[in-house]
2 protein chains.
Amino acid sequence: MNTDNKAKNSNSNITPFCPTAGAGQSESFTPEDALKLDYQLCFPLYAASREIIKHYRPILDELDLTYTQYIAMMVMWEEKAISVKDMGAKLFLDSGTLTPVLKALEKKEYVTRNRSTEDERVLIVEITEKGEALKQQALKVPERMAGCISLEPMEALELYRILYKILGKEV
Amino acid sequence: MNTDNKAKNSNSNITPFCPTAGAGQSESFTPEDALKLDYQLCFPLYAASREIIKHYRPILDELDLTYTQYIAMMVMWEEKAISVKDMGAKLFLDSGTLTPVLKALEKKEYVTRNRSTEDERVLIVEITEKGEALKQQALKVPERMAGCISLEPMEALELYRILYKILGKEV
DNA sequence: TTCAATTCGATTGTGTTCAATTTAATTATA
DNA sequence: TATAATTAAATTGAACACAATCGAATTGAA
């Protein structure tokens, strides 16, 4: 329940996903410690991601959207029309995930799905008027999420920067 | 594909999950911008989490463990015996997720599952000798994950600290 | 004590997530 | 031009996540 987070103070034992790979490690740090939950970086990343998405749920429920559908709609509000492949690149999701999500959005009439006439392999997703209208409802989502978690502005910014570095999009 | 990450430079528009809630925002920042993927904090968190877990897969495949099974075993290597509820608190997972994971680990004979004699509602998960032995194989996992992603030690530490702050375990 | 409320884990149903495979379309090469 | 290689989505199968619900056990209040 109340983990002690030993790593907090002993620093530098936390290096990208392998504490043991770090340079100046404290003497008490054993190879076995590298298998402790408290020394992992991936685990809190994974847990924090799920915890925040959990906060989205009641808000998105009012729009009858799941979180995945919501971020897909974010892409649509910006792009208006985009291929499944390009949306996948933006969201780091493959067609196995996106196909059912986009079919669900099509069923709700927020998007249309049609093959490109230039290249029949490509499926173009286009936003509908109903999809555009949904954006007005969605404006309240970021509003309502605010204050849900309390990070200092600089912490949020630093987190943002590091996450995009992990995603290979150094900014 | 190549997102521009506008937020990078305009800073302070990224605040916890609602850019619009920030104080000194740049003049060009509209409420609609709060719905852009580039101004989200949750999205890169979610994407980075999945990207890193993807890196674990080929390594964990050699141990015939999934990532969820792996973090459950991490708890077992530390605790030896624990209730489903307490493991759930440690991993931020509920019984709906843990029950099948623990049954899979039981099938592989890494753990046993027995009701507590003191309180029959409580299921105690205990590590077996085979489960203990697996730890020696698992020592290579953090090793192999090292260098998978390139963060500076201080970045990793700062990320760790912020993530635990999000998880409500300020360290 | 007795019955209502609570707790714990399991189950169910929905919706991802992703590797691997398949199919159709396009491009490149012999 | 044939045909081989490549590409884009869809499909399939396995494993999560999680809300909601259930049943059994325990606790608490009248």
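In what follows, chains carry the letters A, B, and so on, assigned in the order in which the sequence lines appear, proteins first and then strands, with residues in each chain numbered from 1.
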- Task: Output all residues satisfying side-chain contact (heavy atoms from CB on, under 4.5 Å) with B/Lys130, sequence neighbours left out; order by chain, then residue number.
- Result: B/Glu109, B/Tyr110, B/Thr128
- Got a sec, which residues hit side-chain contact (heavy atoms from CB on, under 4.5 Å) with B/Thr97, two or more places apart in sequence or on another chain? B/Leu93, B/Asp94
Under 4.0 Å between a side-chain nitrogen and a carboxylate oxygen: does that hold for [X] and [Y]?
{"X": "A/Lys36", "Y": "A/Asp38", "answer": "no"}
{"X": "B/Lys54", "Y": "B/Glu51", "answer": "yes"}
{"X": "B/Glu126", "Y": "B/Lys80", "answer": "no"}

- Task: Estimate the overall bend of the helix from C/dT1-D/dA30 to C/dA30-D/dT1 from the end axes over five pairs each, rounded to 10 degrees.
- Result: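 Rounded to the nearest 10 degrees, the bend comes out at 10°.
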- Where does the chain A footprint on DNA chain D start and end, counting 5' to 3' with a 4.0 Å heavy-atom cut-off?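 Listing 5' to 3', DNA chain D meets chain A from D/dT7 to D/dA19.
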- Message: When you measure from the side chain of A/Trp77 to the backbone of A/Ala72, do you find a donor-acceptor pair of N or O atoms at a distance under 3.5 Å?
- Response: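 Not at all, since once roles are kept as given, no pair shorter than 3.5 Å links the two residues.
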- Task: Could you go through the side-chain contact (heavy atoms from CB on, under 4.5 Å) check for B/Leu105 and B/Val125 one step at a time?
- Result: CA-CA 10 Å; B/Leu105 291 176; B/Val125 186; over 6 Å; no
- For the residue pair A/Tyr39 and A/Phe29, does the interplanar ring angle fall in the parallel (under 30°), tilted (30 to 60°) or perpendicular (over 60°) class?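 Correct class here is perpendicular.
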- Query: Can you give one letter per nucleotide of nucleotides 7-23 of chain C, going 5' to 3': B for a protein heavy atom under 4.0 Å from the base, S for sugar-phosphate only, - for none?
  - Reply: BSBBB---SSBBB----
- Under the ring-ring contact (aromatic ring centres under 6.0 Å, His included) test, which residues partner B/Tyr70, sequence neighbours left out?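 B/Tyr56.
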- Message: Is the terminal nitrogen or CZ of A/Arg161 (NZ for Lys, CZ for Arg) located under 6.0 angstrom from the six-membered ring centre of A/Tyr164 and within 45° of that ring's axis?
- Response: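 Negative - A/Arg161 is either too far from the ring of A/Tyr164 or too far off its axis.
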